[in-house]
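In this text the structure is predicted, and so the values were computed from the model without any measurement.
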Amino acid sequence: MSADFNSIANYWKETYSQECKKTKKYEHSAQFKRMADLMAPGKSYYYIANFQSLEIEMISDSVCNFIEKNNIKDKDVDFQEILALALPEEVEKIQRKEQVIRDFFVDYLPTNKVQDYKVLYTYAIKDSSGKRRIMLHQATTLSQDKEGRFVHVFSIHTDISHLTSQSVEEVSFLNIRGGKSYLNVPSKNGRFEPENHSYEANIKDQLSKRELEITKLIAEGLNAEEIGERLFISSHTVRTHRKNILKKTDSKNTIQLVARTIAAGLIQPDL
């Protein structure tokens with residue numbers, strides 16, 4: 001693994017790894033695995049990672065669609081292989097996103113709220129066949145230690161290349177229990193700054209119900225005429241909405257718009 005990829009692994013080690021304690025393997029049920037398999041078919045893969053030992057404890061067979069393996073066994077895939085999929089130009093961006101995530105969970109969020117949140121961000125990879133793919137990373141904490149630091153994390157990585165060809169430098173923290181979410185948090189500074197994050201930067205609150213509906217249809221690949229037919233409005237009205245949507249969200253084009261709405265959890269990939 002290159003020095004670039006090592007920088008992410010070393011950051012995780014310095015931030016989360018506790019060499020003084022050996023943590024137990026996460027005991028997942030057969031039902032948990034069945035549900036996870038339903039959530040991550042061929043276009044996705046999932047794993048349970050222990051962030052204190054930096055080991056992958058369980059990973060889905062579907063990871064073989066991305067890495068150079070015909071089959072997997074327990075502990076047969078490690079973080080290095082997962083990290084090595086990322087394109088070199090994405091490494092710095094991923095590290096900044098991980099720094100924002102660390103700030104959010106370690107410095108900002110009360111420890112009793114850690115398991116209330118799901119993290120989302122996008123990144124670009126090149127799979128074992130050399131194909132470029134845009135991936136959506138989603139992760140949630142399964143267990144914490146006595147100090148409240150997270151130990152086991154469940155992650156799903158989904159190929160969203162059919163929806164967008166671009167990743168964005170934003171991270172979203174979606175409250176899965178209906179509490180306050182923090183969407184489209186900038187990562188360029190590598191810090192979570194709650195005082196600088198307002199709902200004005202939140203795509204969900206910027207768009208009306210109709211505009212969000214049109215955005216989702218854009219993500220499906222429909223053009224203005226097709227969207228108009230679906231919504232019983234003129235194509236001219238659709239184009240006007242699209243122009244307003246791009247302006248409101250400060251998106252350069254529909255590709256960036258779709259990538260940002262996916263990263264915010266507002267569009268769910270069709271698996």
Would you check if the side chain of Thr140 reaches a backbone N or O of Tyr117 as a donor-acceptor pair within less than 3.5 Å?
yes
Under 3.5 Å, side chain of Ser172 to main-chain N/O of Ala263, donor-acceptor pair present?
yes
Quick check: does any side chain N or O of Asp145 sit under 3.5 Å from a backbone N or O of Arg149, one acting as donor and the other as acceptor?
yes
Partner residues of Asp103 under the side-chain hydrogen bond (donor to acceptor under 3.5 Å, both in side chains) criterion, sequence neighbours left out:
none
Which distance, rounded to the nearest 0.5 Å, do you find between the CG of Asp61 and the OH of Tyr45?
14.0 Å
From Asn50 CG over to Ser143 OG, what is the distance, rounded to the nearest 0.5 angstrom?
7.5 Å
Would you say Arg242's side chain and Ile214's backbone share a donor-acceptor pair under 3.5 angstrom?
no
Neighbour count above 12 (heavy atom, 6.0 Å) for Asn244 CG:
yes
Could I get the full list of side chain to side chain contact (heavy atoms under 4.5 Å, CB included) partners for Thr215, not counting sequence neighbours?
Leu207, Ile245, Leu257, Thr261, Ile267
Applying ring-ring contact (aromatic ring centres under 6.0 Å, His included) to Tyr47 and not counting sequence neighbours gives His157
Do Thr122 side-chain atoms and Met135 backbone N/O form a donor-acceptor pair below 3.5 Å?
no
Is it possible for you to say whether Leu266 and Ile160 belong to one hydrophobic cluster, with membership spreading through side-chain heavy-atom contacts below 4.5 Å?
yes
Applying salt bridge (charged side-chain N to carboxylate O under 4.0 Å, His left out), can you list everything that pairs with Glu98, at least two apart in sequence or on another chain?
none
Glu57 (side chain) donor-acceptor with Tyr26 (main chain) under 3.5 angstrom:
yes
Approximate separation, where rounding is to 0.5 Å, of Lys188 NZ and Glu170 CD
9.0 Å
Under a 3.5 Å distance rule, please check whether Thr158 uses its side chain to pair with a backbone N or O of Ser44 as donor and acceptor.
no
Which residues pass the side-chain hydrogen bond (donor to acceptor under 3.5 Å, both in side chains) test with Asp107, not counting sequence neighbours?
Arg102
How would you list, by chain and number, every residue that makes a side-chain hydrogen bond (donor to acceptor under 3.5 Å, both in side chains) with Arg191, sequence neighbours excluded?
Glu193
Closest approach of Thr164 and Ile262, non-hydrogen atoms and distance?
CG2-CD1, 4.3 Å
More than 12 heavy atoms of other groups within 6.0 Å of Glu89 CD:
yes
Please confirm whether the ring centroid of Tyr182 lies under 6.0 Å from the ring centroid of Phe173.
no
I'd like to know if the side chain of Glu90 reaches the main chain of Ala124, judged simply by a donor and an acceptor atom lying under 3.5 Å from each other, with no hydrogens or angles considered.
yes
Would the Phe79 and Phe51 ring centres measure less than 6.0 Å apart?
yes
Evaluate the side chain to side chain contact (heavy atoms under 4.5 Å, CB included) criterion for residues Phe192 and Ile101: first the C-alpha distance (whole Å), next the side-chain angles of each, then the deciding distance (0.1 Å), finally the verdict.
CA-CA 7 Å; Phe192 177 74; Ile101 291 168; over 6 Å; no
Would you mind reporting whether Val185 and Phe104 have side-chain heavy atoms less than 4.5 Å apart?
no
Euclidean distance, Gln80 CD relative to Ile56 CD1, rounded to 0.5 Å:
8.5 Å
Taking side chain as C-beta onward, heavy atoms only, is Val77 less than 4.5 Å from Ile82?
yes
Validation row: Leu87, Arg132 side chains within 4.5 angstrom (heavy atoms):
yes
Ser187 side chain vs Glu169 backbone, donor-acceptor pair below 3.5 Å:
yes
If the condition is side chain to side chain contact (heavy atoms under 4.5 Å, CB included), which residues does Asn253 pass it with, not counting sequence neighbours?
Gln166, Ile255, Gln256
Closest non-hydrogen atom pair between Asp159 and Ser161, with its separation
OD1-OG, 2.6 Å
Under the side chain to side chain contact (heavy atoms under 4.5 Å, CB included) test, residues paired with Asp127 that sit two or more places apart
Ser129, Lys131, Arg133
Heavy-atom side-chain proximity of Ile59 to Tyr46 below 4.5 angstrom
no
Can I get a per-line list of side-chain donor-acceptor pairs under 3.5 Å for residues 216-225, giving both atom names and the distance, sequence neighbours left out?
from	atom 1	to	atom 2	distance (Å)
Asn223	OD1	Glu225	N	3.1
Asn223	OD1	Glu226	N	2.8
Glu225	OE2	Arg239	NH2	2.5

For Lys118, the side chain to side chain contact (heavy atoms under 4.5 Å, CB included) test, sequence neighbours excluded, returns Leu120, Gln138, Leu174, Ile176
Got a second to check how far Leu109's CG is from Asn175's CG, nearest 0.5 Å?
8.5 Å
Quick one: side-chain hydrogen bond (donor to acceptor under 3.5 Å, both in side chains) partners of Gln144, sequence neighbours excluded?
Gln115
Are any non-hydrogen side-chain atoms of Leu142 and Phe150 less than 4.5 angstrom apart?
no
Under the rule for salt bridge (charged side-chain N to carboxylate O under 4.0 Å, His left out), what residues qualify as partners of Arg210, not counting sequence neighbours?
Glu213
Asn184 (side chain) donor-acceptor with Arg260 (main chain) under 3.5 angstrom
yes
